[in-house]
Amino acid sequence: MPAPEIKFYNSLTKSLEPFEPIAPPSVAMYNCGPTVYDYAHIGNFKSFLFADVLRRFLELAGYDVRQVMNLTDVGHMTDDAVADGGGQDKMAAAGERLAEAKKSGKLPQGVDLDPNDPYAIARFYGDAFIEDAKQLGIKVASEPDHLPRATDHVDNMQVIIKTLIEKGHAYVASDGAVYFSVQSFPSYGRLSGNTLDELRGGAGGRVSESNQAVKRHPADFLLWKPDESHLMKWDSPWGTGYPGWHIECSAMAKAVLKQDIIDIHTGGEDNIFPHHECEIAQSCGATGEDSFARFWMHGRHLMVEGQKMSKSKGNFYTVRQVIEGGFTGRAVDPAVLRLELIKAHYRSNMNFTAKGIEDSASAVKKVRVFAKEVAYDPAQASWHGVEHEALTEFIAALSDDLNTAKALGVMFAYLNEPAEDVVVSHAMLAAFDQVFAVINSAEAASAGGEADMVQNKIDAMNRARQDKDWATSDAVRAELEAEGYEVKQTKAGIVATKKLA
RNA sequence: GGCCGUGUGCCCGAGUGGACUAAGGGAGCGGAUUGCAAAUCCGCGAUUCGUCGGUUCGAAUCCGACCACGGCCUCCA
């Protein structure tokens, strides 16, 4: 397929740049993934879905994408007032929550885990994340080799730390901890637009005096912390302890993608500083290269009903809560949630609303109705080799810094045209769904008891209708609708389908 | 305070100097259809793009000021 010029907004240069991989058609992409000491929420998934859409689009454009998304299973600290190793380990906090849940019988069915075992906790939430991600159609969730866990790469982190010390980019301070020296890396601050002077000013009051005292510069950040008492600890040349929270991504990107410079690195906007700034310093400091990722792409944060998401406001939703109806009061098809989280441009502050969910449900339905009309079979269809003006426009829209909203418009405009050659329609749907992934092959089967309930009500309606007892028929129909079903009369009889949202 | 960014119909959201008589979706309204509905199909809807100026033959699109809103600045996707 003749790929148009692809342009992405690069956070590093704050400008739109033509995208050229280092070794086409291969693209090496690293996405900052979830921390696995709690369920990931819809804001997290906005970021992960952004990465998934990016990967899917690049594949549509003919690239061979190697995508890596890490699972952070080392517990970081809860207390930001002492950023370099204070407060409570988040994994330990998760253990306490789980122990509480276990005691009160609130653990999910069939789950029995030891709240004192951090690895079991990480496994539990890691599995939950993968399950959620698969439901939302995130491709990498089905590629276990591309979901590295930080605890499996502690040795790789130590290799980098050792190199950084040798090259003068890191030092062991008087408290025994290893810090990265930001002054040894002149371009520190380039990504975030910070300068060392500003960071020095901003450090006052937020970082504990005792920690600051041992560092050469207030912005120096932790690479290794010797701490025998820590919940998760590993032996190292600098004492038994744990790694700093930026080093894992530098280590895993290099280890799994097997190259020093990668093509794309993504994350949420909050990752820009300090996380990604520190990653660049570590990776480039160790490799000697002048870049770590050629493109840095960051998604904006998600708002919920016009407000910033936060636990204190109580507007903090996990994927499973939304799907099970905890947000709208009615079960939501995962494809609807997916579309809702990708329909706006990734660099806009999208507002997550109940109204938006309803809109997306109608949109998903529209696509599925069209697919059904042309007897689309995802297992048979392929976009490869198809040529159509709408496909060209579709790719052009996404080539423009991943403009999903415009691409969605192109898709619906095509769907409004009368379907010409069915083979072409199938190929077009395959192309659209390669990116949006909302069609799904199988319709979700209702649970056993529910299917019986539905059939009973349909039978009751039919009996009433035979007697022209419209009042009874309407009453039963209202019951079905109250259960979240859409009831329609067709030539073949009454059909009840579960609403998408 | 520093640095980013946003403001388009009832809602979401494209459009970044002339095919804009402003895409597409949702909601609404009118019609077809229906026992009534639902679903589906057809049709309608911004003389206007936060405000005020400026540049230009021409601006939602460029520039300036102002207003409003959001984000980041060592917990956070």
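Please read all numbers here as calculations on a predicted model, not as lab measurements. The chains referred to below are lettered A, B, ... by the order of the sequence lines, with proteins before strands, and numbering in each begins at 1.
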What residues form a salt bridge (Lys or Arg N to Asp or Glu O under 4.0 Å) with Arg190(A), not counting sequence neighbours? none
Between G58(B) and G2(B), how far apart are the two C1' atoms, rounded to whole Å? 39 Å
ring centroid sep under 5.5 Å plus plane angle under 30, His301(A) with A77(B): yes
Output a table of donor-acceptor pairs, distance under 3.5 Å, between side-chain atoms of residues 471-481 of chain A and any protein atom two or more places apart or on a different chain; print 'none' if there are none.
{"residue": "Thr472(A)", "atom": "OG1", "partner": "Asp469(A)", "partner atom": "OD1", "Å": "3.1"}
{"residue": "Thr472(A)", "atom": "OG1", "partner": "Asp469(A)", "partner atom": "OD2", "Å": "2.5"}
{"residue": "Asp474(A)", "atom": "OD1", "partner": "Arg477(A)", "partner atom": "NH2", "Å": "3.2"}
{"residue": "Glu479(A)", "atom": "OE1", "partner": "Lys457(A)", "partner atom": "NZ", "Å": "2.9"}

Sequence neighbours excluded, the answer for ring pair (Phe, Tyr, Trp, His ring centres under 6.0 Å) partners of Phe185(A) is none
Taking only residues two or more places apart in sequence, or in another chain, which ones meet [X] in a side chain to side chain donor-acceptor pair (under 3.5 Å)?
X: Thr490(A); result: none
X: Arg56(A); result: Asp52(A)
X: Asp270(A); result: His301(A)
X: Ser360(A); result: Glu340(A), Lys343(A)

Assign a letter to each nucleotide of nucleotides 12-19 of chain B from its 5' end: B, base within under 4.0 Å of a protein heavy atom; S, sugar-phosphate only; -, no contact. SSSS----
With sequence neighbours excluded, residues passing side chain to side chain contact (heavy atoms under 4.5 Å, CB included) with Glu96(A): Gln88(A)
What protein N or O atoms touch nucleotides 35-40 of chain B N or O atoms at under 3.5 angstrom, if any, and at what distances?
{"residue": "G35(B)", "atom": "N7", "partner": "Arg465(A)", "partner atom": "NH1", "Å": "3.3"}
{"residue": "G35(B)", "atom": "O6", "partner": "Arg465(A)", "partner atom": "NH1", "Å": "2.9"}
{"residue": "G35(B)", "atom": "N1", "partner": "Asp474(A)", "partner atom": "OD1", "Å": "3.0"}
{"residue": "G35(B)", "atom": "N2", "partner": "Asp474(A)", "partner atom": "OD2", "Å": "2.9"}
{"residue": "C36(B)", "atom": "O2", "partner": "Arg477(A)", "partner atom": "NH2", "Å": "2.8"}
{"residue": "C36(B)", "atom": "N3", "partner": "Arg477(A)", "partner atom": "NH1", "Å": "3.1"}
{"residue": "C36(B)", "atom": "N3", "partner": "Arg477(A)", "partner atom": "NH2", "Å": "3.0"}
{"residue": "C36(B)", "atom": "N4", "partner": "Arg477(A)", "partner atom": "NH1", "Å": "3.3"}
{"residue": "C36(B)", "atom": "N4", "partner": "Gln489(A)", "partner atom": "OE1", "Å": "3.3"}
{"residue": "A37(B)", "atom": "N3", "partner": "Arg477(A)", "partner atom": "NH1", "Å": "2.9"}

Taking the inter-plane angle between the rings of His265(A) and Trp296(A) on a 0 to 90° scale, is it parallel (under 30°), tilted (30 to 60°) or perpendicular (over 60°)? parallel
Using a 3.5 Å cut-off on both pairing distances, which stems of three or more Watson-Crick or G-U pairs include RNA chain B? B:1-7 with B:67-73, B:10-12 with B:24-26, B:28-32 with B:40-44, B:50-54 with B:62-66
Can you give me the N/O atom pairs linking the protein to nucleotides 60-63 of chain B at distances under 3.5 Å, or say none if there are none?
none

